[in-house]
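Right, one structure below, let's go through it.
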Amino acid sequence: MSVKDRISELRNKLREEVEKITDSSLATNFRNKYLSKKSELSSISSELASLPPDERKESGALLNEVRNEVEELYNAKLDEITLKELNERLKAEAIDFSVPGRDSTVGALNPFYIVENEIIDIFTKMGYEVVEGPEVETEDNNFTLLNIPSDHPARDMQDTFFLREDGLLLRTQTSSMQVRTMAEKAGAPFKIICPGKTYRRDDDDATHSHQFAQVEGLLVDHDISMAHLKGTLELFLKSMFGEKREIRMTPSYFPFTEPSVEVAVSCFNCNGKGCSMCKGTGYIEVLGAGMVHPHVLEMNGYDPKEYSGFAFGIGIERIAMLRYGIDDIRRLYTNDVRFLHQFTKQVK
Ligand code: DAH
């Protein structure tokens, strides 16, 4: 068979083959098989050189014509199926905005955080700065520089998780931040609160947890008196438990304050008449406080002749439990959403 005849035959075959392309992978196969360097068109083209000149010219022209025609047919086919496939994809991936949404469960803020945020809010409105510090502390910051030397019985009252023999421990109280803050403020007046986690070797039960949280407060300035402390805590407790509450301070003992007080708020359950919640006394103890001990000021770089101050320690869980009538501290840590939803309005 002459080369020209072979080309004509190939043309017919390719015209048929192009029609069989129905998707992009068949298109790729076609291109690799019939339009590449290894195709029949190419191998015929390389044979042309050995033909006599006249025949070479005619066959070469025909071969070009066929190649152009097949490429055109192929390109047109490719455009057609690309468009077809795009339309199919758009249809398959179309979003139907009228389909009803899936129901989602919305969480709720733990009452612990509701109370913590509120405490922070109340004190920042009074101009307090919020500071935070490490839960792993030195014995000096947690005890010694707070007037609790190593033979002091208060160390036993706060069963401590010691981490190392040289005195690194998990802080038993946020009072350690008093030491850090006085070092940082280096003799200048300030007022801070420090919310944070604290740890004690307690057996967990309804009212005890080996990990709990406190908010420490410390104000140091000139001419600070017990009246400032009382006014501050009264404002705090009324914001927290209601305008009608009255506060009561009774003498207490903390090594780092002198005098020290236990602060109670008139019972919000019975309005001070006496009920099971306040154990008949009309008052509920809520926090400890006092005037910063002169020795503590002195050890931490403040001259007690020039400076005075007050401090307080609030247990966040205790406030949350009282405010919301929660009977077991462990409920604050388990994050059961059925429990959590009782304290915030559900956003839905
Ligand atoms: N650190 C005390 C505790 O954990 C709480 C406390 C009481 C802090 C009186 C104070 C304070 O700053 O003045 O029991």
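Just so you know, ligand 1 is whichever comes first in the structure, and atom 1 is the first atom listed for that ligand. Positions are given from 1, in the same order as the sequence printed here. Heavy atoms only: backbone and side chains are in, while hydrogens, waters and symmetry mates are out. Values in this document were obtained by computation on a predicted structure and should not be read as measured data.
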(Q) Tell me the nearest of Ala311, Gly315, Gly313, Ser252 to atom 8 (C) of ligand 1, using heavy-atom distances. (A) Gly313
Q. If we ignore angles and hydrogens, is there a donor and acceptor under 3.5 Å between the side chains of Ser175 and Glu216?
A. yes
Q.
With a cutoff of 4.0 Å, is Arg200 in contact with ligand 1, counting heavy atoms of the residue only?
A. yes
Q. Strictly under 6.0 Å, is that where the ring centroids of Tyr128 and Phe236 end up?
A. no
(Q) If the cut-off is 4.0 Å to any non-hydrogen atom of Glu216, which atoms of ligand 1 fall inside it? (A) 8 (C), 10 (C), 12 (O)
Q | Qualifying residue, where the test is side chain to side chain contact (heavy atoms under 4.5 Å, CB included) with Leu287 and the options are Val215, Val261, Leu233 | A | Leu233
**Q.** Polar side chain donor-acceptor pair, Thr172 to Arg201, under 3.5 angstrom
**A.** no
Q: Output the list of atoms in ligand 1 that are nearer than 4.0 Å to some heavy atom of Gly288, sorted by atom number.
A: 7 (C), 9 (C), 11 (C)
Q | Pair Glu137-Tyr199, side-chain donor/acceptor within less than 3.5 Å | A | no
**Q.** Proximity to ligand 1 by part of Phe256, non-hydrogen separation under 4.0 Å
**A.** side chain
Q) For residues Gln214 and Gln173, is any side-chain donor paired with an opposing acceptor at under 3.5 Å? A) no
Q | For Thr257, atoms of ligand 1 separated by under 4.0 Å from a heavy atom | A | 13 (O)
Q: Can you sort out which atoms of ligand 1 are near Gln178, meaning under 4.0 Å from one of its heavy atoms?
A: 12 (O)
Q: Under 4.0 Å from a heavy atom of Ala289: give me the atoms of ligand 1 that qualify, with their elements.
A: 9 (C), 11 (C), 13 (O)
Q) Does the side chain of Ser266 come under 3.5 Å of the side chain of Glu246 through a donor N or O and an acceptor N or O? A) no
Q: Using a strict cut-off of 4.0 Å, indicate which atoms of ligand 1 neighbour a heavy atom of Gln214.
A: 3 (C), 4 (O)
Q | Arg318 vs Leu322, side-chain contact (heavy atoms from CB on, under 4.5 Å): CA-CA, chis, key distance, verdict | A | CA-CA 6 Å; Arg318 176 155 173 80; Leu322 284 171; 4.1 Å; yes
Q: Could you tell me the residue and atom name of the protein heavy atom closest to atom 2 (C) of ligand 1, and the distance to it rounded to 0.1 Å?
A: Gln173 OE1, 3.7 Å
Q: Identify, by atom number and element, the atoms of ligand 1 in contact range of Gly290, meaning under 4.0 Å from any of its heavy atoms.
A: 13 (O)
Q) Under 4.0 Å from any heavy atom of Ser175, which atoms of ligand 1 are there? A) 1 (N), 8 (C)
